[in-house]
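I have a structure I would like to understand better, so I am pasting it below and will then ask my questions one at a time.
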Amino acid sequence: MRWLTLLLGIAILAGVASVVIVMRHDQPSSKVAGVGNTTPANPPASPAPLTPTASAFTDPCGTFDTTTPAPYAVSGYWLVPTADRCTWRRQLQAIHKVGGDTVVRLGFGLSPRQVNYQTGEIKDKTGESPEARYAACVENGVPCVKAAEKDLQAANPGNRITWTYVYRTDEQYGDGIFRCPTMERKIVVGSSVFYRLVAPEDGSDDATCDFSSKGRNYHVIIVSAGAEDSLTELLDLGDQFGIQVFPALPLAPRDPANSTRADPRHIGTLTTLTRRIVQDYGARFADRQSLGGVYQPFELQLRDWPDPSKVQTLTVYAEQHRIVEQELPGKPILVSPYIDARRKQKFTATPKQVAQGFKALAKTGVEIIAPQDGRGTGKVGLFWPNWKNKKVDDQLKIVNGVGDSTYAAAYYGGTRDYYREMAQAREELASEGVQVQLWANVEAFEPSTPEQSGTPKCGTQTFRSRTVKPRLDTQVTLAGPYVSKVISYMWSDFFTCGSPSLSEEITQDWDRPIAVQAVRQARQIQEGLEVRGYHLGSAKVTLSWPGLDTPRVVDSASVGWHDATPLENLPQGVERIWIPVDWATVPADVWVRIEVSSLDGRKAAEPVYYKNTG
């Protein structure tokens, strides 16, 4: 903590005429994290930061630096699976360099498939042709499904395979993947690795492994695995860089009638595969700090459902999450739903309706909810309440349901409105005994039309183009004081394409101030304003409002106070500065613009706004 003398402040208070604003619109209840002097309910803590095992390490991919010279406000990123392990090393080094301590892996889906039971060939998704990947799965010259059928019928002629599923991954598993080794096995064919899993069709995953006493119906899952275990490699890198990894759970099959919904007909097989995988994780990785938890990859739109028990995806979530809680205790489940605030589209939702959906989602057993902020897709806008009658950002005009309109006409609310309501819902859940963390997932890309998509192209991202650091700073500001961590979709390739890339922009400008909130706060006998945000030490604060001829500038290093002590329930890196204020000089009912700049003159990309209600 750094205390600065206030004697000079008393002398010049009338001259600087700073302002404190009481903004009830933006000020959450006393239970919301970091507001006022009350103690909020305690949600489960964010994963503790890890310490790199060394300052550098060398392997066949090169020498890698594990120091963190440029810690940015965003501290977690999605990664795309890659076959090039050297790429992973470079990515984790770059993520760690900008302060990243969390990576979330995109995963793969469980898929029901048709089979030619004459030949045992597994067909592709269309059901018309054999799929080459699984054609390689052969046991003693017999296709794997056919071999499983023969083994089952040898145990009891009444045994039948009623469904066949495939699952592709670049991981490998240990013996924890098997429930019944007499019927299940790892199959290595040249450089290809497969696992054959067999389970009763009722989803019971019967541990008795009784295949002979009576004929039963079974489901067979053929897993196409990696030649090496990618998760072990990522966890090892996590240890070296001090990064926690969230591998993806198996993605549920989609409902053929509505691809946005999970298909509940396959719950039994989905939970069987989930159980086997997380059992194996528990056997091999339960004590690894670099295993931060697991990621639920099936996307869901947050809405206020009339009856959440009838929502297919929530039902599938609850069953899958129950298995994780049983088999991998202590490791949280992370989910990242999306929000749609567009007034002119169907099935969208207001901030309060989204808050109700947040509660229903939390009750499926997730411990971390990181809603997508929606700016990358244009489903939600970045605007303050006093901006609602302004025209939308030019890049949003191409979005369906937005067009050339005002923010108020296009959206039910802005990003900040939605996170504020979800933070309140989180506190209400805590009072009911349901503990969940609220993170923000800020989208690092821009809306695009088919003609604009991929311009400039970002590697494999052909439908979106990357954003720029000022926009990302603004997203952090608007998520504000309502979240305990900020993560981003996604590192590969939105942070790595272009010259300079977005990650390079961050390393060149990592310590630019970012304000997220201001609250009225007295210090001893003086009234004042406390500003919260990132890299605020020695900042200058500029105050302005409509009708004020000359903005008022306050040097916090001269007349204020700075405290970098971590704040409960706010992201790592959030600090506070305080400046003295003269309330009497500020007109009532005006919106005040509060800008923060560093000693070298760099101004925060986004100001914070408050309304002086007197």
| Gap between atom CD of Q356 and atom CG of L302 - 0.5 Å precision |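 Spacing of CG (L302) from CD (Q356) equals 11.5 Å.
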| field | Inter- and intrachain pairs under salt bridge (Lys or Arg N to Asp or Glu O under 4.0 Å), touching residues 323-340, at least two apart | value |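 Applying salt bridge (Lys or Arg N to Asp or Glu O under 4.0 Å) to every pair that reaches into residues 323-340, excluding sequence neighbours, yields D340-R342.
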| said: Less than 4.5 Å apart, side chain to side chain, heavy atoms only: is that true for I95 and I243? | reply: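 SC-SC contact between I95 and I243 confirmed.
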| What distance separates Q526 CD from W578 CH2, expressed to the nearest 0.5 Å? |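 Reported value, rounded in 0.5 Å steps: 4.0 Å.
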| Could you walk me through whether K379 and E443 pass the salt bridge (charged side-chain N to carboxylate O under 4.0 Å, His left out) check? | CA-CA 11 Å; K379 291 184 171 72; E443 298 170 339; over 6 Å; no
| Does CG in D287 sit with more than 12 non-hydrogen atoms of other residues, nucleotides or ligands closer than 6.0 Å? |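 Check fails, neighbour count at 12 or below.
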| field | From CA spacing to verdict: side-chain contact (heavy atoms from CB on, under 4.5 Å), L50, D101 | value | CA-CA 7 Å; L50 301 182; D101 59 20; over 6 Å; no
| query | Ion pair present between R471 and E446, side-chain N to carboxylate O less than 4.0 angstrom? | reply |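 Yes, R471 and E446 are salt-bridged.
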| query | Is there a donor-acceptor pair closer than 3.5 Å between any side-chain N or O of Y407 and the backbone N or O of D393? | reply |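 Answer holds: yes.
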| Just wondering, do V608 and V516 contact through their side chains at under 4.5 Å, heavy atoms? |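 V516 vs V608: side chains apart.
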| said: Is there a side-chain contact between P607 and I594 in this structure, where contact means two heavy atoms from C-beta onward sitting under 4.5 Å apart? | reply: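 Counting from C-beta outward, P607 and I594 never come under 4.5 Å.
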| What heavy-atom pair brings S75 and G99 nearest, and what distance separates the two atoms? |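 Between these two residues, the closest heavy atoms are CB-O, 3.9 Å.
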| query | Of all heavy-atom pairs between S492 and V80, which one has the smallest distance, and what is that distance? | reply |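 Closest pair (atom of S492, atom of V80, distance): OG-N, 3.1 Å.
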| Those residues that, when tested against A409, pass side-chain contact (heavy atoms from CB on, under 4.5 Å) (two or more places apart) |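 S405, T406.
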| Going from OG1 on T364 to CZ on R322, what distance comes out if it is rounded to the nearest 0.5 angstrom? |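 If I round to the nearest 0.5 Å, the distance is 12.5 Å.
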| Beyond-backbone contact of M422 with Y482, side-chain heavy atoms, under 4.5 angstrom |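 M422 vs Y482: side chains apart.
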| All side-chain contact (heavy atoms from CB on, under 4.5 Å) counterparts of N386, not counting sequence neighbours |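 Only W384, W591, Y609 meet the side-chain contact (heavy atoms from CB on, under 4.5 Å) criterion with N386.
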| Is the backbone N or O of L328 less than 3.5 Å from a side-chain atom of Y281, with the two atoms forming a donor-acceptor pair by type? |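 The answer is no, because no donor-acceptor pair under 3.5 Å joins these two groups.
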| query | For the residue pair W491 and F495, does the interplanar ring angle fall in the parallel (under 30°), tilted (30 to 60°) or perpendicular (over 60°) class? | reply |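 Aromatic pair W491/F495 classed parallel.
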| query | So does K352 have more than 12 non-hydrogen atoms from other groups sitting under 6.0 Å from NZ? | reply |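 Check fails, neighbour count at 12 or below.
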| field | Residues in salt bridge (Lys or Arg N to Asp or Glu O under 4.0 Å) contact with R105, at least two apart in sequence or another chain | value |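 If we apply the salt bridge (Lys or Arg N to Asp or Glu O under 4.0 Å) test to R105, skipping adjacent residues, the hits are D170.
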| query | Is there side-chain contact between E428 and K359, with at least one heavy-atom pair below 4.5 Å? | reply |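 Yes - at least one pair of side-chain heavy atoms lies under 4.5 Å apart.
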| request: Identify the two heavy atoms, one from A408 and one from N389, that lie closest to each other, and give their separation to 0.1 Å. | output: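 That would be CB-OD1, 4.2 Å.
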| Results of salt bridge (Lys or Arg N to Asp or Glu O under 4.0 Å) for D304 - residues two or more places apart only |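 Counting only residues at least two positions away or on another chain, D304 forms no salt bridge (Lys or Arg N to Asp or Glu O under 4.0 Å).
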| Student check: side-chain heavy atoms of R343 and T348 closer than 4.5 Å |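 R343 vs T348: side chains apart.
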| query | How far does CD of Q395 sit from OG1 of T467, to the nearest 0.5 angstrom? | reply |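 Reported to 0.5 Å precision, the distance equals 6.5 Å.
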| query | Does the side chain of V103 come within less than 4.5 Å of F241's, by heavy atoms? | reply |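 Side chain of F241 against side chain of V103, heavy atoms only: no contact under 4.5 Å found.
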| Within the distance-only criterion (no hydrogens, no angle test), does the side chain of N441 pair as donor or acceptor with the backbone N or O of Y489 below 3.5 angstrom? |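 Here the side-chain-to-backbone pair exists.
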| task | Quick one: list whatever passes salt bridge (Lys or Arg N to Asp or Glu O under 4.0 Å) with K391, sequence neighbours left out. | result |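 Counting only residues at least two positions away or on another chain, K391 forms a salt bridge (Lys or Arg N to Asp or Glu O under 4.0 Å) with D404.
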| task | Please lay out, stage by stage, how T377 and Y338 fare under the test side-chain contact (heavy atoms from CB on, under 4.5 Å). | result | CA-CA 10 Å; T377 60; Y338 66 95; over 6 Å; no
| query | Within a strict 4.5 Å, meaning less than it, do heavy atoms of the S556 and H562 side chains meet? | reply |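 S556 does not reach H562 side chain to side chain.
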| request: Using salt bridge (Lys or Arg N to Asp or Glu O under 4.0 Å) as the criterion, list what pairs up with K344, not counting sequence neighbours. | output: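 Result, salt bridge (Lys or Arg N to Asp or Glu O under 4.0 Å) vs K344: none returned.
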| query | Looking at residues at least two apart in the chain, or sitting in another chain, which of them share a side-chain contact (heavy atoms from CB on, under 4.5 Å) with P351? | reply |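 Partners of P351 by the side-chain contact (heavy atoms from CB on, under 4.5 Å) criterion, ordered by chain and then number, come out as Y412, D417, Y418, E421.
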| query | Is there a donor-acceptor pair closer than 3.5 Å between any side-chain N or O of Q312 and the backbone N or O of A262? | reply |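 Pair found, side chain donor or acceptor close to backbone of A262.
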| field | Separation between CG of L249 and CD1 of I277, rounded to the nearest 0.5 Å | value |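 Rounded to the nearest 0.5 Å, the CG-CD1 separation comes out at 8.0 Å.
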| Expected output: side-chain Q372 to main-chain S336 donor-acceptor under 3.5 Å |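 Yes; judged by distance alone, with no hydrogens or angles, the pair exists.
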| said: Filter on ring pair (Phe, Tyr, Trp, His ring centres under 6.0 Å), then keep only pairs touching residues 253-279, sequence neighbours left out; what's left? | reply: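 Listed by first then second residue: W163-H266, Y165-H266.
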| Taking all non-hydrogen atoms of both residues, which atom of V98 and which atom of S503 are closest, and how far apart? |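 The answer is CG1-O, 4.3 Å.
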| message | Under the criterion side-chain contact (heavy atoms from CB on, under 4.5 Å), I'd like the reasoning laid out for L472 against F494: C-alpha separation, chi angles, the key distance, then a yes or no. | response | CA-CA 12 Å; L472 205 63; F494 295 126; over 6 Å; no
| Where at least one partner belongs to residues 289-320, residue pairs that pass ring pair (Phe, Tyr, Trp, His ring centres under 6.0 Å), sequence neighbours excluded |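 Sorted pair list: W78-Y295, Y317-H321.
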| Where V531 and A515 come nearest, the two heavy atoms and their spacing |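 Smallest heavy-atom distance, with atoms named: CG1-CB, 4.1 Å.
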| said: According to side-chain contact (heavy atoms from CB on, under 4.5 Å), who are the partners of A605, at least two apart in sequence or on a separate chain? | reply: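 side-chain contact (heavy atoms from CB on, under 4.5 Å) check on A605 returns P470, D473, T474.
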| request: Could you walk me through whether R512 and Y72 pass side-chain contact (heavy atoms from CB on, under 4.5 Å), step by step? | output: CA-CA 9 Å; R512 181 183 293 270; Y72 183 55; over 6 Å; no
| Do you know the tightest heavy-atom contact between L92 and G238? |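 Taking L92 first and G238 second, the nearest heavy atoms are CD2-N, 4.2 Å.
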| request: Check each of Q424, Q353, R426, K363 against F358 using the side chain to side chain contact (heavy atoms under 4.5 Å, CB included) test, and report the only one that passes. | output: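 The single option meeting the side chain to side chain contact (heavy atoms under 4.5 Å, CB included) with F358 is R426.
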| request: State the OG1-CD distance between T315 and Q320, to the nearest 0.5 angstrom. | output: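 One finds 12.5 Å between OG1 of T315 and CD of Q320.
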| Summary of salt bridge (Lys or Arg N to Asp or Glu O under 4.0 Å) pairs that have at least one residue in residues 256-273, sequence neighbours excluded |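 Counting only pairs at least two positions apart or across chains, the salt bridge (Lys or Arg N to Asp or Glu O under 4.0 Å) contacts touching residues 256-273 are D263-R265.
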